[in-house]
Amino acid sequence: MSKRVAIIGIGTTGFRATTPDVSYRELTYEAAMKAYLDAGVQPKDIDSFVATSEDFFEGYSIADEYSPDQLGAVLRPIYTVSGDFIHSLASAYMMILSGIGPISVAQGLSKASNMLTLSEMVTFAMDPIYNRPLKESPHAVAGLEMARFLYETGTTREQCAKVVVKNKRNALNNPYAGHSVLIDTDHVLNSEVISYPLTQMDISPHSDGAVVVVLAEEETAKTLCDKPIWIRGIGWCSDTPGLETRNWGQAIYAQMAAEMAYKMAGIRYPRKEINFAEINDEFSYKELQHLEAMRICRKGEAGPLTEIGGTEITGEFPVNPSGGCLGVGNLYELNGGHKVFEVVRQLRGEAGKNQLKNVTTGLAQSWRGIPTTTGTVVILSN
Amino acid sequence: MRRVAIVGAGLTKFYRNTQETPKELAYEATKMALDSCELKLSDIDCVVNGTAPDAFDGVHMKGEYLSDGSGAYRKPYMRHYVGGGTGVLSPIHGWFHVASGMFDTCLVVAEEKMSSAYPHPAGAFLTIFDHTTEQPLYPTLIWIFAIEMNRFMTTHGYKKEDIALVAVKNKKNAMDHPSAQLPAEITVQDVLNSEIMAWPVNRLDISPTSDGAACIVLAAEHVARRITEKPIWIDGVGWALDTAYWTTRDLYYPDYLEVAARQAYKMAGIKEPSKEIHVAEPYDPFTYKELHHIEGLMLAPRGKSVQMLVDGHFNRNGNLPTSPSGGLLGVGNPIAAAGLMKIIELYLQLKGEAGKRQIPGNPTCGVANAWGDLMQVGTVTVLRK
Amino acid sequence: MITDKEVLKTATKLSAEEIQKGKVLSVKWTPNLKYAWDNGPAIGRYLAELKNGKIIGKTCDKCHRIMIPPRMFCELCWVPTGEWVYVKDTGIVNTWVVSYVDWKAGRLDIKGGVRPFTPAVIEIDGASKGMGILHHLNEVDPWKIHRGMKVKAVWKPPEERTGSITDIKYFKPIK
């Protein structure tokens, strides 16, 4: 069997701040229906399914129990990965290559609006002995990291603010985005200080939504789909979970995940061989930190590149043309799913007003958020 | 598709309360597993982790918290989660990391520290029920097990005193297992006299809550053959999840397990499981569950497992030994680690290294399963020498 | 090869007493985790009708099941469901339990006269065969419950209903 696997179907509900009219069941069902229709498959044609969830984000233990019905996976091989959507995508990818069957599905969901004490939930992820008793807000961790990153790379707060402005503006033309707005850097810099140098506008607001992606091995992909989007490389990595032992300035997890994906894809010069990227910008500085970690920019270069418009849709290396987390909303475990969705749309030429010209290869990258140092990368080509 | 083998294993003792943190428990099992096949962490390409509800250890995104204790520092690391079925999904998840060709070696780690949950870990199970249609009724897990046991018993006419033999057998088997939390020589009468929890379930019908960790090392064929003379192959994998609407299912038979078992047997080329399987570790969190699973794994015809149990068929010196380890009833139930413990038992039995627990004959093929969620998930792995 | 000796060197046993008496350093944390789950149109209607003292289900036009609780799509046929259908508030007991423990694993004072819990799966009349819901049984001797027993819902008075499954207090046997 060939080693090539492609994405042949994608579906989403779009991403908005609240979704009071539907439960998680209907959200996933809608995304799944669209994805299966797009791929031209029925649930019985699918050989394996992977869902993504974390108990405390869903609000009940063993959230995996509630995964099969809305995917059409009753009494079928399905399990849950507690990680980012791209982890699930990697699992689905590996299952196809292991011979479980030619077609696999990855699903992710966010119902962040249902989480009333979000900050406490994130705090609950911190080390119970060393960190939690300090009762620091999780945003303090981001603030510490931002301060170190700015110091090590010479990046300025203004450059970080530019990321916010760019992404929220890009989101205006994205019908799926939940938090688009037109603002300037002063607005960002003067917004409420949360954990200096992090301000309120540096932080992505959250959104609800669901994404389902259908993958198939080469022959099946070519039979079912006109525009299969090939997975050229995929990588994931976890650095230390300890706050005390991590590298605060650099996103090593992103670096290692990217290297794993580049190696698989045979990419040596990412800036040249990749045309654009949808990466995690949950906090404004993260976009810059991730660009440098993945060797798309040299150390200290991401800020200045953003300042001169190099990462705009019209720039030399568009970053987050969809609006990213800042413009679309922070989707927690689904973030990677949104990134993959947008990269696929671009490569298929279906990105509407934000369509980039002549793109052949895109990169989707995700990070699991505070307090983790876990990241994933996938490289797709048309 | 590449062949994948288990080349090393490690296991901690299982206790109701341990002093170690979850990370430390995971470390102990992982270190032991690496030492058992003389590998270093640098020889490991990727790590997968199985651990059940975060509510027990009391850390959200528990997988992240455990990553360093699982040896995943700066490695590709993923956590899978199917409730109680996790322990046997673990080798499956690890299996396709290697079988896909992406990695040559994989560390599979399972850990649980249930004692962290206060006032009692059982309380955490309230939140597995549907938050709107069921939680307001304050159900507990024991109810649904009792409901299932009730259906199983009434459908086949099984008697409690016969089902109790599972506890007698497993706790006795556990006396030879170094990790065992509750090894004991008990009688059927002891089980029947033990405290009623939720009829028809008595205290001694249930496995305890535990802390513990387990780990296995997987390697692709060309690597496995360099490491060990006795690689144990993962020849069949299967898993299936039934609907979340458990009140619409007839609980007397685990369909999800049969579906998973068929998938695993097909892959392993097994046509008559009751003949071709030499040793089985069916998941036994409750006495009746072992029988429920034996039928679901098609190791006994529906309605006949109890008679076979009474006839001694499933004893260590019987025709088809089940739970020679002592199972969850005897060794303990740190959920994910318990499932992996069963896999490790098969591994040792097939290698001939199970010490006092070794079953006679020369077993070459074994099957283990785990189960969980809302009585929905079946995960099955077939191992061969 | 793992030896018994190696396994025995791992993990340090603690007794409940040692922990309670503070012989081991420990950290306590009570998380404040609150959620407001959007129930969607199907469950939303189910709860609204419960407030009215009615139980409502939904049908699948393909497999013709009448489903309780109602859902927006049939999970077996994987198509959107069709009509809303009121079902009765009577049913038969499919299976049940006599429980001496509560959700925190605390023991009920049975000897002191506390009635054990008797939750059951009740197949609702009017819904498809096998469509059950979880609820409590009461006003019945726990040891006289049997499969197939006919039961009826006992509702809270209208002013006390909030749109919850507990608007039904429990089911009791019908003579």
Side-chain angles (χ1 to χ4, degrees), chain A residues 1 3 53-57 59-69 73-83 87 90-91 93-100 121-129 234-242 245 252-253 256-257 260 264 368 371-374, chain B residues 1 21 47 52-55 58-68 72-85 89 93 95-97 99-102 116 124-125 127-131 135 237-245 255-256 259-260 263 372-374 376-377 379:
Chain A
M1 193 181 63
K3 284 196 166 186
S53 71
E54 277 285 3
D55 281 357
F56 286 111
F57 281 148
Y60 40 94
S61 291
I62 319 185
D64 172 66
E65 298 164 355
Y66 299 97
S67 55
D69 301 310
V74 175
L75 282 179
R76 304 296 316 286
I78 176 170
Y79 64 91
T80 296
V81 164
S82 292
H87 281 125
S91 286
Y93 173 77
M94 288 190 287
M95 282 199 282
I96 292 178
L97 291 181
S98 302
I100 295 293
M121 282 165 210
V122 180
T123 304
F124 200 46
M126 292 169 63
D127 188 295
I129 299 169
I234 192 160
W236 63 100
C237 177
S238 293
D239 198 343
T240 174
T245 47
I252 307 283
Y253 57 87
M256 295 183 74
M260 187 176 150
M264 219 177 117
R368 288 201 74 196
T372 75
T373 49
T374 293
Chain B
M1 198 202 320
T21 65
V47 180
D54 303 47
V59 184
H60 167 46
M61 296 206 278
K62 199 185 348 169
E64 299 297 325
Y65 175 67
L66 288 173
S67 61
D68 51 0
Y73 176 61
R74 296 196 176 167
K75 287 195 197 294
Y77 172 74
M78 236 196 265
R79 172 185 168 204
H80 50 275
Y81 184 21
V82 283
L89 185 72
H93 198 215
W95 174 80
F96 49 73
H97 276 63
S100 63
M102 276 196 76
S116 310
F125 284 116
T127 49
I128 70 171
F129 291 92
D130 187 291
H131 43 67
Q135 276 186 39
V237 300
W239 68 102
L241 194 55
D242 208 333
T243 172
Y245 295 105
D255 292 305
Y256 44 88
V259 168
Q263 186 187 356
D373 285 2
L374 274 178
Q376 293 160 284
V377 73
T379 51

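Model, not experiment: these values are computed from the prediction. Residue numbers start from 1 in every chain, and the chains themselves are labelled A, B, ... in the order their sequence lines are given, proteins ahead of strands.
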Colleague: Just give me the residue among Phe129(B), Trp95(B), Tyr65(B) that pairs up with chain A most often, heavy atom to heavy atom, under 4.5 Å.
Modeller: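 The option with the most such pairs is Tyr65(B).
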Colleague: With heavy-atom distances below 4.5 Å as the criterion, would you say the side chains of Tyr66(A) and Asp130(B) are in contact?
Modeller: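 Yes. Closest side-chain heavy atoms under 4.5 Å.
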Colleague: Which region of Met61(B), side chain (C-beta onward) or backbone (N, CA, C, O), has a non-hydrogen atom less than 4.5 Å from a non-hydrogen atom of chain A, or is it both or neither?
Modeller: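 Its backbone and side chain both get close to chain A.
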Colleague: So which of Trp239(B), Phe125(B), Tyr256(B), Tyr245(B) has the largest heavy-atom pair count under 4.5 angstrom toward chain A?
Modeller: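 Between Trp239(B), Phe125(B), Tyr256(B), Tyr245(B), the count favours Trp239(B).
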Colleague: With ring centroids as reference points, do Tyr77(B) and His87(A) lie under 6.0 angstrom apart?
Modeller: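 Ring centres of His87(A) and Tyr77(B) not closer than 6.0 Å.
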Colleague: Side chain, backbone, both or neither: which part of Ile78(A) has a heavy atom under 4.5 Å from chain B?
Modeller: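 Both the backbone and the side chain of Ile78(A) come within 4.5 Å of chain B.
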Colleague: What part of Leu89(B) gets within 4.5 angstrom of chain A, counting heavy atoms only: side chain, backbone, both, or neither?
Modeller: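 Side chain only.
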Colleague: Report the option among Ile234(A), Thr245(A), Val74(A) that has the most heavy-atom pairs separated by less than 4.5 Å from atoms of chain B.
Modeller: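 The residue among Ile234(A), Thr245(A), Val74(A) with the greatest pair count is Val74(A).
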Colleague: Looking at every non-hydrogen atom in both residues, tell me the closest pair between Ala124(B) and Ser61(A) and how far apart they are.
Modeller: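 Scanning both residues, the minimum pair turns out to be O-OG, 3.9 Å.
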Colleague: Which heavy atom of Val59(B) sits nearest a heavy atom of Ala125(A), and at what distance?
Modeller: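 For Val59(B) and Ala125(A), the tightest heavy-atom pair comes out as CG1-O, 3.8 Å.
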Colleague: Sort Ser91(A) into side chain, backbone, both or neither according to what part of it lies under 4.5 angstrom from a heavy atom of chain B.
Modeller: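 Contact with chain B: backbone and side chain both.
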Colleague: Identify which part of Val47(B) has an atom lying under 4.5 Å from any heavy atom of chain A, answering side chain, backbone, both or neither.
Modeller: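 No part of it gets close to chain A.
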Colleague: Out of curiosity, Leu97(A) CG to His97(B) NE2, how far, rounded to the nearest 0.5 Å?
Modeller: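 It comes to 12.0 Å.
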Colleague: Output all residues satisfying salt bridge (charged side-chain N to carboxylate O under 4.0 Å, His left out) with Asp239(A), sequence neighbours left out; order by chain, then residue number.
Modeller: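 Per chain and number, Asp239(A) pairs via salt bridge (charged side-chain N to carboxylate O under 4.0 Å, His left out) with Arg74(B).
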Colleague: Would you compute the distance between atom OG of Ser238(A) and atom NZ of Lys75(B) and round it to the nearest 0.5 angstrom?
Modeller: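 Interatomic distance, Ser238(A) OG to Lys75(B) NZ, rounded to 0.5 Å: 11.5 Å.
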Colleague: Between chain B and each of Phe57(A), Phe124(A), Tyr93(A), count heavy-atom pairs under 4.5 Å; write down the option with the most.
Modeller: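 Most pairs with chain B among the choices: Phe124(A).
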Colleague: Let me know if Met95(A) has heavy atoms under 4.5 Å from chain B in its side chain, its backbone, both or neither.
Modeller: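 Backbone plus side chain of Met95(A), per the 4.5 Å heavy-atom cut-off to chain B.
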Colleague: Are Asp55(A) and Thr127(B) packed together at the side-chain level, in the sense that at least one heavy-atom pair is separated by less than 4.5 angstrom?
Modeller: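 Asp55(A) does not reach Thr127(B) side chain to side chain.
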Colleague: Roughly how far, to the nearest 0.5 Å, is the CZ atom of Arg79(B) from the OG1 atom of Thr374(A)?
Modeller: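 Output value for this atom pair is 12.0 Å.
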Colleague: Quick check on His93(B) against chain A: is it the side chain, the backbone, both or neither that has a heavy atom closer than 4.5 Å?
Modeller: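 Only the side chain of His93(B) comes within 4.5 Å of chain A.
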Colleague: So which of Val259(B), Thr379(B), Leu374(B), Asp68(B) has the largest heavy-atom pair count under 4.5 angstrom toward chain A?
Modeller: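 Heavy-atom pairs under 4.5 Å are most numerous for Leu374(B).
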Colleague: With a 4.5 angstrom heavy-atom cut-off, is it the side chain or the backbone of His131(B) that approaches chain A, or both, or neither?
Modeller: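 Answer is side chain: those atoms of His131(B) sit under 4.5 Å from chain A.
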Colleague: Just so I understand: if I count every heavy-atom pair under 4.5 Å between each of Arg368(A), Met121(A), Arg76(A), Met94(A) and chain B, which residue has the most?
Modeller: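 It is Met94(A).
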Colleague: Below 4.5 Å, heavy-atom pairs only: which of Pro371(A), Ala63(A), Pro128(A), Ala257(A) has the largest tally toward chain B?
Modeller: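 Among Pro371(A), Ala63(A), Pro128(A), Ala257(A), the one with the most close pairs to chain B is Pro128(A).
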Colleague: Restricting to non-hydrogen atoms, name the atom on Pro53(B) and the atom on Ile62(A) that form the minimum distance, rounded to 0.1 Å.
Modeller: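 Heavy atoms only, the tightest pair is CG-CG1, 3.6 Å.
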Colleague: Not counting sequence neighbours, which residues clear salt bridge (charged side-chain N to carboxylate O under 4.0 Å, His left out) with Glu65(A)? List them please.
Modeller: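 Here no residue qualifies.
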Colleague: What distance separates Thr80(A) OG1 from Asp373(B) CG, expressed to the nearest 0.5 Å?
Modeller: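 It comes to 7.5 Å.
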Colleague: Just so I know, are the side chains of Glu54(A) and Glu64(B) near enough to count as touching, which here means a heavy-atom distance under 4.5 Å?
Modeller: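 Glu54(A) does not reach Glu64(B) side chain to side chain.
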Colleague: At what distance, to the nearest 0.5 angstrom, does CD1 of Ile128(B) lie from CG of Asp64(A)?
Modeller: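 One gets 11.5 Å once the value is rounded to the nearest 0.5 Å.
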Colleague: For the candidates Pro76(B), Ala244(B), Ala72(B), which exhibits the highest count of non-hydrogen atom pairs separated by less than 4.5 Å from chain A?
Modeller: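 Top option by heavy-atom pairs under 4.5 Å: Pro76(B).
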Colleague: Among Met102(B), Met78(B), His80(B), single out the residue with the greatest number of heavy-atom pairs under 4.5 Å to chain A.
Modeller: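 It is Met78(B).
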